[in-house]
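Here is the structure we will look at, set down as structure tokens.
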Amino acid sequence: MQGKSVRASHILLKSTQSRNPYDRVRDKQVTRSDADAEKGIREIRAQVENNLNLFAKIAQERSECSSCQKGGDLGEFTRGQMQKQFEDVAFALKVGELSQPVKSDSGWHIILRTG
């Protein structure tokens, strides 16, 4: 890998405005509005912010990214591998820090930097 890398996990809620409004893991079309996706990710953040041990479990249950099968773990990545909005926040976090909600072309995320 070139340059600095980070490792992060995330939880993603998609909306009808997402670039791919389909949950492949659960094989269903996403029908929630963008506002409902933002509200949902804020509620999830409130659940995990004081107990990060719940992050992987909630990612498995709620995230609409295939990484949900690994508790939201995206592995290690360098700049240029993720959408800019997402990667800017992931690189700015300290290890063990949870982001505020982040909107990308994929939907609404919360990001936990793990390495």
Side-chain angles (χ1 to χ4, degrees):
M1 281 191 213
Q2 287 183 344
K4 184 180 175 191
S5 64
V6 298
R7 184 177 187 128
S9 295
H10 79 137
I11 297 172
L12 168 67
L13 290 186
K14 295 181 177 184
S15 76
T16 55
Q17 295 178 1
S18 297
R19 68 179 180 171
N20 182 11
Y22 193 78
D23 181 346
R24 290 185 184 132
V25 175
R26 293 167 190 89
D27 194 27
K28 66 176 186 169
Q29 192 68 31
V30 174
T31 58
R32 79 174 61 82
S33 70
D34 191 62
D36 285 344
E38 180 184 8
K39 181 180 179 210
I41 207 71
R42 288 185 185 283
E43 289 170 355
I44 292 169
R45 188 184 190 285
Q47 283 183 287
V48 301
E49 70 181 330
N50 293 317
N51 188 355
L52 295 179
N53 294 331
L54 291 175
F55 193 95
K57 179 181 185 292
I58 292 175
Q60 290 172 339
E61 294 170 358
R62 303 279 311 272
S63 185
E64 294 168 335
C65 175
S66 61
S67 68
C68 72
Q69 297 167 321
K70 297 178 282 180
D73 184 14
L74 294 167
E76 199 170 314
F77 55 91
T78 58
R79 288 203 176 269
Q81 291 185 279
M82 301 290 177
Q83 292 176 40
K84 183 167 177 24
Q85 309 96 313
F86 183 95
E87 118 182 338
D88 286 349
V89 173
F91 274 83
L93 294 170
K94 296 180 180 114
V95 174
E97 189 176 6
L98 182 65
S99 75
Q100 292 297 320
V102 178
K103 186 174 182 184
S104 76
D105 292 342
S106 295
W108 284 91
H109 313 255
I110 52 173
I111 306 164
L112 176 63
R113 179 151 172 201
T114 56

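Small disclaimer: the values here were computed from a predicted structure and weren't measured.
When hydrophobic clusters are built by joining Ile, Leu, Val, Met, Phe, Trp and Tyr residues whose side-chain heavy atoms come closer than 4.5 Å, directly or via intermediates, Val102 is grouped together with Val6. One hydrophobic cluster holds both Leu98 and Ile41 under the rule that ILVMFWY side chains link at heavy-atom gaps under 4.5 Å. Both Trp108 and Val48 are members of a single hydrophobic cluster when ILVMFWY side chains are connected at heavy-atom separations under 4.5 Å. Linking Ile, Leu, Val, Met, Phe, Trp and Tyr residues whenever their side-chain heavy atoms come within less than 4.5 Å places Leu93 and Met82 in a single cluster. There is a path of hydrophobic side-chain contacts, each under 4.5 Å, that joins Leu52 to Leu54.
When all heavy atoms of Ser9 and Thr114 are compared, the closest pair comes out as OG-CG2, 4.1 Å. Taking each heavy atom of Arg45 and Pro101 in turn, the nearest pair found is CD-CD, 4.0 Å. Closest heavy-atom contact between Cys68 and Gln60: O-CG, 3.1 Å. Here the closest non-hydrogen pair linking Ile58 and Ile11 is CG2-CD1, 4.0 Å. Nearest heavy-atom pair, Gln81 versus Thr78, reported as atom, atom and distance to 0.1 Å: OE1-N, 2.6 Å. When all heavy atoms of Ser106 and Ser18 are compared, the closest pair comes out as O-OG, 2.8 Å.
Below 30°, between 30° and 60°, or above 60°: for Phe86 and Phe77 the angle between ring planes is between 30° and 60°, a tilted geometry.
Taking a 6.0 Å sphere around CZ of Arg26, one finds it holds more than 12 heavy atoms contributed by other residues, nucleotides or ligands.
Between the side chain of Gln83 and the backbone N or O of Ser104 there is no donor-acceptor pair closer than 3.5 Å. Under the 3.5 Å distance criterion, the side-chain polar atoms of Arg32 are left unmatched by any main-chain donor or acceptor of Asp34. Using a distance-only test at 3.5 Å, with no hydrogens or angles considered, a donor-acceptor pair links the side chain of Glu87 to the main chain of Gly80.
Rounding to the nearest 0.5 Å places CD1 of Ile110 at 10.5 Å from CG of Leu12. Remark: Leu74 CG to Lys70 NZ distance equals 7.0 Å, nearest 0.5 Å. Between the NZ atom of Lys103 and the OG atom of Ser15 there is a distance of 6.5 Å, given to the nearest 0.5 Å.
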Next item on the list: Take Gln100 and Val89 through the side chain to side chain contact (heavy atoms under 4.5 Å, CB included) test and state the conclusion after the steps.
Entry: CA-CA 9 Å; Gln100 292 297 320; Val89 173; over 6 Å; no

Item checked: From CA spacing to verdict: side chain to side chain contact (heavy atoms under 4.5 Å, CB included), Ile44, Leu13 -> CA-CA 10 Å; Ile44 292 169; Leu13 290 186; 4.0 Å; yes

Notebook entry, point to check: Under the side chain to side chain contact (heavy atoms under 4.5 Å, CB included) criterion, do Val30 and Gln17 qualify, and how do the steps go?
Noted result: CA-CA 10 Å; Val30 174; Gln17 295 178 1; over 6 Å; no

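With salt bridges taken as basic N to acidic carboxylate O contacts below 4.0 Å, none links Glu43 and Arg62.
A heavy-atom distance below 4.5 Å is not found between the side chains of Ser66 and Arg24. Annotation: side chain of Gln85 is in contact with side chain of Asp105 (closest heavy-atom distance under 4.5 Å). For the pair Asp73/Arg7, a side-chain contact is recorded, criterion being any heavy-atom separation below 4.5 Å from C-beta on.
Test Ser99, Ser67, Ser63 against His10 for side chain to side chain donor-acceptor pair (under 3.5 Å) and you get one pass: Ser67. Checked options Arg19, Glu64, Gln29; the residue passing with Lys14 is Glu64 (criterion: side chain to side chain contact (heavy atoms under 4.5 Å, CB included)).
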